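Before any comments, here is the structure.
FYI, side chains are in, hydrogens and waters are out, and symmetry mates aren't considered; it's all heavy atoms of this structure. Bear in mind the structure is a predicted one, so any value in this text is a computation, not a measurement. Position 1 is the first residue of the sequence; numbering continues from there.
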Amino acid sequence: MTSPDSRPPKRMKRLRRVLKLMTGLFILLLLAFGALLGYLYQKELPPVGDDARSRLVDAGGNVIAAFSADGRTHDPVGLDRISPHLIQATLAVEDRKFYNHFGFDLKGMTRAVLVNLESGERTQGASTLTQQLARNLYLSHEKTWSRKVREAFYTMQLEMKYSKNDILRMYLNEIYYGHGAYGIEAAARMYFGKPASALNLAESALLAGIPKGPTYYSPYTHWDNAKQRQELILSTMERLGQITAAEEREAAGQPLKLRPKDAPETVQSAPFFRDYVRGLVREVLRISDDELERGGLTVYTTLDPAVQRAAEEAVAKEMEGSGELETALVSVDPRNGFIRAMVGGKNYRDNQYNHALATTRQPGSSFKPIMYLTALASKEMTGLSVFDSKPTLFHFDDNRKTYQPRNFGDKYLGEIDMRQAIAASDNIYAVNTIMKIGAGRVADMARKLGINSPLNTVPSLALGTSPVSPLEMAGAFAVIGSGGVKRPATAILKITDADGTVLYKAPSSEGETVVEPAAAYVLTRLMEGVFEDGGTGSRVSSLIKRPVAGKTGTTDTDAWMVGFTPELATAVWVGYDKGKEIRVADGRRAAPIFARFTEKALENVPPKIFAVPSGVVSVYIDPESGLLAGPGCQGKRLETFVSGTEPAQYCGIHGTQEPPAPSPSPDAGSSGEERSWWGDFKRWWLN
């Protein structure tokens, strides 16, 4: 039988063994935790901070935006450029013990667990600013255990590697404030039109409440919710002793003047162009989202900031009060193919679809110049070629099919020439032209000019029934404006990495002559008539104080104005996303957008005439006979021809006269254009 005195020592031995085991486990845990801390301290965090963000730079060297894969509006600033009121309000509502914890608020986490257990659902969170920053910088917002573990690791790393002020600065520059604004500087400018440093107490409390629920607490969409949260934050600040009761009452009652949601100051410049370039970087240049987001790249682009502002202002003015009507504008420099401006819609915040790239829009009559260029380049037609504008039934496909176009308003002009047909946008003349030269040749010409969208080679192609994009149209007209020289539409000049190493550089190109320069110039002169009396663009001619050539286009669902000066080729489209038919008033918005944009964009550029290439002849003709004008022809006009296609005989229907003395050679002068009083006057006036 065991003695009673022997039991206590055995229990003590077991207790000592348990204590030793627990001590050993504790030491192992400490060692493991220490090893983990050492590993996390040595392990590099993914790049953070302003230098890690890729940047989009315009042609003037200005940073358009922090260039991220999600297209966020981001304008990082230091703590010294953020209102102290905003810092205090943020800490009061988000993390009162920020400067006293090591990344985790254990007391707050325990309280949140108890509250959630009591309510039976997750009603309260306890994330510190550091945890929120780790989640926003490196993780998604999925609610999984693996994400929480990674969040904890990143939180510890941030606390080990950065000071509290650095973490607070990164948080305030990273957190989302709704409507595309990331960071307090972008939010302050969007909501109040001022820098973050100028925010007062009332404004600071309002903005500090938004990150908890950027949609639910947005003052643009849920003012009552935003105001209630502002008052809660102010009362919390008063209770914490950050402000007095009088300051609380004054701030709570202070009227807040928000910037209009669609004001230019609240909208990032060139957002559609930014998205377009991002797509090029990722898809064409094979740069990943991660490289783009965190690679510290600098993307140098062709965007001209003054030209882009002119585009945005023209669209804003002419599209005001247009309801669901949408628009697009894209402008290309004919001299080098650089895209200088791009507006893909009237309001990026409401609709991010880039209509400038949409290949589902029929260009209508704005496509006709491509067909007329085909006719002029073939030398089968000239500006004097005549067709009878009257109701006509056309037969094609070996007479197995018919096509009967109509003129707008059923207005028919009788016998007209190409100049009159272009100015009046006559459909009958256009279809006669394509029947003469062949739809296949027109499609070939379109492809030479850079239109890659599929084209249906039927007579209706003359009237622009095959959809193309505004960017394609601007590029095609840039070829005409450059005298037949094709240069690829270019948006990116070069890309460098964080060390300045060039990763990509746009290939230099002198361009390829795809159309006889003389034919392109003759067409240009004919297209100038669109803005003269009787032309479809004459109603906006008073807005443009320089030589300009162009063509309007209207279908049941689309309205266009495409044209060019020597410096810019621009396409403007107006229509509805859902294919809704446009009204006459809707269709009349495209031309004023084009005119206002062109004149504003070039306001500091002296007007220039279109350069005259060799192989061009200008002579006076009699419009009635289509022959060279004689001394008795009173209505003569100066007409331009590809050399060898001009009339050879003089008019004889206004009496028998001796022909005038021969004109100088077509190659006379440096321009190659035959001298005339009109040419001399234009050179004197514009040069």
Quick check: does any side chain N or O of Thr359 sit under 3.5 Å from a backbone N or O of Ser469, one acting as donor and the other as acceptor? no
So that I can tick it off, tell me whether Arg400 and Asp397 are bridged by a salt bridge, with the cut-off set at under 4.0 angstrom between side-chain N and carboxylate O. yes
Residue Arg441 excluded, over 12 heavy atoms near CZ under 6.0 Å: yes
Walk me through it: do Ile621 and Phe641 pass the test side chain to side chain contact (heavy atoms under 4.5 Å, CB included)? CA-CA 11 Å; Ile621 59 96; Phe641 300 87; 4.2 Å; yes
What residues form a side chain to side chain contact (heavy atoms under 4.5 Å, CB included) with Phe387, not counting sequence neighbours? Met381, Tyr429, Asn432, Thr433, Lys436
When you check the gap from the basic side-chain N to the acidic O, do Lys636 and Asp622 get nearer than 4.0 Å? no
Keeping Thr374 on the side-chain end and Ile370 on the backbone end, is there a donor-acceptor pair under 3.5 Å? yes
Does the side chain of Thr565 come within less than 4.5 Å of Lys608's, by heavy atoms? no
Is there a donor-acceptor pair closer than 3.5 Å between any side-chain N or O of Thr645 and the backbone N or O of Val642? yes
Are the charged groups of Glu318 and Arg596 less than 4.0 angstrom apart, N to O? yes
Verify, without hydrogens or angle tests, whether Thr301 (side chain) and Val57 (backbone) share a donor-acceptor contact under 3.5 angstrom. yes
Describe, in one word, how the ring planes of His355 and Tyr353 are oriented to each other, choosing from parallel (under 30°), tilted (30 to 60°) and perpendicular (over 60°). perpendicular
Salt bridge check: are Glu312 and Arg309 linked by an N-O gap of less than 4.0 Å? no
Heavy-atom donor-acceptor pair, Asp58 side chain to Asn62 backbone, under 3.5 Å: yes
Could you check if a side-chain atom of Glu472 sits within less than 4.5 angstrom of a side-chain atom of Asn452, using non-hydrogen atoms only? yes
Starting from the C-alpha separation in whole Å, work towards a yes-or-no answer on side chain to side chain contact (heavy atoms under 4.5 Å, CB included) for Val330 and Thr570. CA-CA 6 Å; Val330 60; Thr570 305; over 6 Å; no
Do Ser425 and Lys368 have side-chain N/O donor and acceptor atoms under 3.5 Å apart? yes
A side-chain contact here means heavy atoms from C-beta on lying under 4.5 Å apart; do Pro405 and Ile428 qualify? yes
Looking only at the side chains, is there a donor atom on one of Thr465 and Asn456 sitting less than 3.5 Å from an acceptor on the other? no
Test side chain to side chain contact (heavy atoms under 4.5 Å, CB included), reference Phe597, set Val572, Val315, Leu329, output is Leu329
Run the side chain to side chain contact (heavy atoms under 4.5 Å, CB included) check on Thr640 and Tyr521 step by step: do they pass? CA-CA 9 Å; Thr640 305; Tyr521 178 77; 3.8 Å; yes
Look at the side chain of Trp560 and the backbone N and O of Gln362, then say whether any donor-acceptor pair between them is shorter than 3.5 Å. yes
Is a salt bridge present between Asp417 and Arg419, judged by a nitrogen-to-oxygen distance below 4.0 Å? no
Student check: side-chain heavy atoms of Glu324 and Asp577 closer than 4.5 Å: no
Flag the pair Asp558 / Tyr576 as yes when at least one side-chain heavy-atom distance between them is below 4.5 Å, and no otherwise. no
Short side-chain to backbone donor-acceptor contact, Thr302 and Ile339, under 3.5 Å: yes
Check whether any side-chain heavy atom of Val605 sits under 4.5 Å from a side-chain heavy atom of Glu567, and report yes or no. yes
If we ignore angles and hydrogens, is there a donor and acceptor under 3.5 Å between the side chains of Lys346 and Asn351? no
Hey, is the main chain of Phe394 close enough, under 3.5 Å, to the side chain of Thr392 for a donor-acceptor pair? no
State plainly whether the residues Lys448 and Asp444 are in salt-bridge range, i.e. N to O under 4.0 Å. no
Do Asp426 and Ser389 pair up side chain to side chain, a donor and an acceptor below 3.5 Å, judged on atom types alone? yes
Is the shortest side-chain N to carboxylate O distance from Arg546 to Glu599 below 4.0 Å? yes
Is the backbone N or O of Asn427 less than 3.5 Å from a side-chain atom of Asn407, with the two atoms forming a donor-acceptor pair by type? yes
Nearest heavy atoms of Gly440 and Thr457, plus distance in Å: CA-CG2, 4.0 Å
If you measure from the Lys or Arg side-chain nitrogens to the Asp or Glu carboxylate oxygens, is any gap between Asp556 and Arg361 under 4.0 Å? no
Salt bridge or not for Arg487 and Glu510, using N-O below 4.0 Å? no
Answer yes or no for Lys401 and Phe396: cation-pi contact, defined as NZ/CZ to six-membered ring centre under 6.0 Å and angle to ring axis within 45°. no
Is it true that Asp275 and Asn354 share a donor-acceptor pair across their side chains at a distance under 3.5 Å? no
Are more than 12 heavy atoms from other residues, nucleotides or ligands located less than 6.0 Å from atom CZ of Arg406? no
Aromatic centroids of Tyr348 and Phe272 separated by under 6.0 Å: yes
Going by heavy atoms in the side chains, are Val431 and Tyr403 under 4.5 Å from each other? yes
Minimum side-chain heavy-atom gap Phe477-Val332 below 4.5 Å: no
